[in-house]
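For ligands, and for the atoms within them, numbers begin at 1 and follow the listed sequence.
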Amino acid sequence: MAYPLSAESAAWQRKARAYAENELMPYEEQAEMNDGVLPAEISARHKRLALELGFSKMDAPTSHGGLQLPMLDQVIVWEQLGRVTNALCWSVSEAHSWMFDACSPQQIQEFIVPLMVGSRCECYAITEAESGSDPSALATTATRDGDHYLIEGEKWFVTSANKADFFILQAIVKGESDDQQHALFLVDIDAAGAEIIDNPSFGHTFSSHHPTYRFSNVRVHESRRIGAVGDGMEFTKSWFRRERLMIAARCCGAAARLIDMATTFAKQRVVSGQPISEYQMIQAMLADSVTELWAARLMTYETAAMQDRGEPLSLVHTHCSMAKLYASEMANRVADRVVQIFGGRGYMRGNAAQRFYRELRVDRIWEGTSEIQRLIIARSVLKRNLDTVLG
Ligand SMILES: Cc1cc2nc3c(=O)[nH]c(=O)nc-3n(C[C@H](O)[C@H](O)[C@H](O)COP(=O)(O)OP(=O)(O)OC[C@H]3O[C@@H](n4cnc5c(N)ncnc54)[C@H](O)[C@@H]3O)c2cc1C
């Protein structure tokens, strides 16, 4: 039985599927063969359509012109967008609801509303050379200097910095009474003292890069600090919850497309006189993939529904970790099997299975590795008990 969706949710699913299949998928191979980059007019069309569809403001409150969609609908949209390779679905930035709670009215007007309307683009800079899984090892500092801060440090893997015009940057505050606490800052991408020091290549072919930035005494006015000193980690957790859930959704979409492709291929590919779909070892791979996708989808939808029901944030946090952990590991297993079902054809870059095989790998790493998700889940059950965690 299909998961029961309201008419509105089903309409969002159809719209996102049509955008993914009709507008984005036709350009995947072109992107793959051109370092992820499409002709400017095609990218502009993708962005315009995504804005018209409302993808940049799904989570934004209606009081600020957003759609304030239920989380379940947002997950359903991202699931469909996850069917596309080469990150072509990243055609717009998104204004998250937590940003409207965290930012001042001036910051909302200057930075967050522009994300909604597509006139600005952000990147999120937390990770450093020594601080990836362990944010307590953060070394970037923001030292008070009158009504300014001086930012000093290095940030790694800053996704989309080549497209962004500002960073949301996490640093340790110094020179205040609440010294050594984390805070977030809005920093212009071209601020004096901010420079790219490396732009490494990665396993996928995306037009969004993940460069390393050096911040040398970058002057940031105190009005660019988000919230209070000490709030930084909590805001980052809000970012993580959303990103982890949407990674889970995209992984479900990717796995669904992979299974569709493998099913079609297996029925038409004849080896030793019969379609490979007749071979039970191929059937087993399909069966495991469908079963695991079903489990991941239920977990992802239910985690979204928990948020819509207003369940406690700590439990939602644990569930976002479970959904991300299971869905990303599931999608990687599915991609591996589907490449195998395609045989040599599955190793060609023109085959979406091959691209997913590379692209899905990072979903087990970014926004907290699978090991870190396991720690979050284990700590949650140890602190509470199973009945509290699972209900
Ligand atoms: C393509 C890409 C894009 C990214 N984009 C961004 C971005 O936009 N902004 C940003 O801030 N960061 C970004 N990241 C960084 C990403 O979030 C980190 O890579 C990730 O959190 C892991 O940190 P690390 O690489 O330092 O690994 P480490 O922390 O060095 O971990 C190495 C290994 O040790 C394991 N490990 C660590 N601690 C434990 C533990 N306590 N128990 C068990 N195992 C443990 C990890 O799971 C991992 O397997 C990106 C990374 C990549 C690859």
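Here the protein heavy atom with the shortest distance to atom 31 (O) of ligand 1 is Ser133 OG, 3.6 Å. Of all protein heavy atoms, the one closest to atom 22 (C) of ligand 1 is Thr369 CG2, 3.8 Å. Residue, atom and distance of the protein heavy atom nearest to atom 12 (N) of ligand 1 are Thr127 OG1, 2.6 Å. The nearest protein atom to atom 41 (N) of ligand 1, hydrogens excluded, is given as Leu375 CD1, 3.4 Å; this is a heavy-atom distance. Nearest to atom 20 (C) of ligand 1 among the protein's heavy atoms is Ile365 O, 3.6 Å. Scanning the protein heavy atoms around atom 44 (N) of ligand 1, the nearest turns out to be Glu371 CB, 3.6 Å.
If you check the side chains of Ser207 and Lys163, you find a donor sitting under 3.5 Å from an acceptor. Side-chain polar atoms of Asn385 and Thr388 form a donor-acceptor pair below 3.5 angstrom. Side-chain contact, Thr140 with Glu128: a donor N or O sits under 3.5 Å from an acceptor N or O. Between the side chains of Asn86 and Thr205, not a single donor N or O lies within less than 3.5 Å of an accepting N or O.
Of all the heavy atoms of Tyr124, the ones lying under 4.0 Å from any atom of ligand 1 belong exclusively to the backbone. Under 4.0 angstrom from ligand 1, the non-hydrogen atoms of Glu367 all belong to its backbone. Under 4.0 Å from ligand 1, the heavy atoms of Val362 that appear belong solely to its side chain. For Asp134, no heavy-atom contact with ligand 1 is shorter than 4.0 Å. Here Ile126 has heavy atoms under 4.0 Å from ligand 1 in both its backbone and its side chain.
Atom CH2 in Trp78 sits 14.5 Å away from atom SG in Cys252 (nearest 0.5 Å). The CG atom of Leu286 sits 7.5 Å away from the CD atom of Gln283 when rounded to the nearest 0.5 Å. Ser277 contributes atom OG, which lies 10.0 Å from atom CD of Gln268 (distance to the nearest 0.5 angstrom).
Side-chain contact check for Val290 versus Trp294: every heavy-atom pair is 4.5 Å or farther apart.
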query = Between Trp90 and Phe206, does a ring pair (Phe, Tyr, Trp, His ring centres under 6.0 Å) hold up when you go through it step by step?
reply = CA-CA 10 Å; Trp90 296 357; Phe206 290 1; 5.4 Å; yes
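Ring pair His148/His221 is perpendicular by interplanar angle, where above 60° counts as perpendicular and below 30° as parallel.
In this structure, atom 5 (N) of ligand 1 is in close contact with the protein, since a protein heavy atom lies within 4.0 Å of it. Less than 4.0 angstrom separates atom 28 (P) of ligand 1 from at least one non-hydrogen atom of the protein. For atom 33 (C) of ligand 1, no protein non-hydrogen atom is found at a distance below 4.0 Å.
Here the shortest heavy-atom distance to atom 51 (C) of ligand 1, taken over Phe157, Phe202, Trp239, belongs to Phe157.
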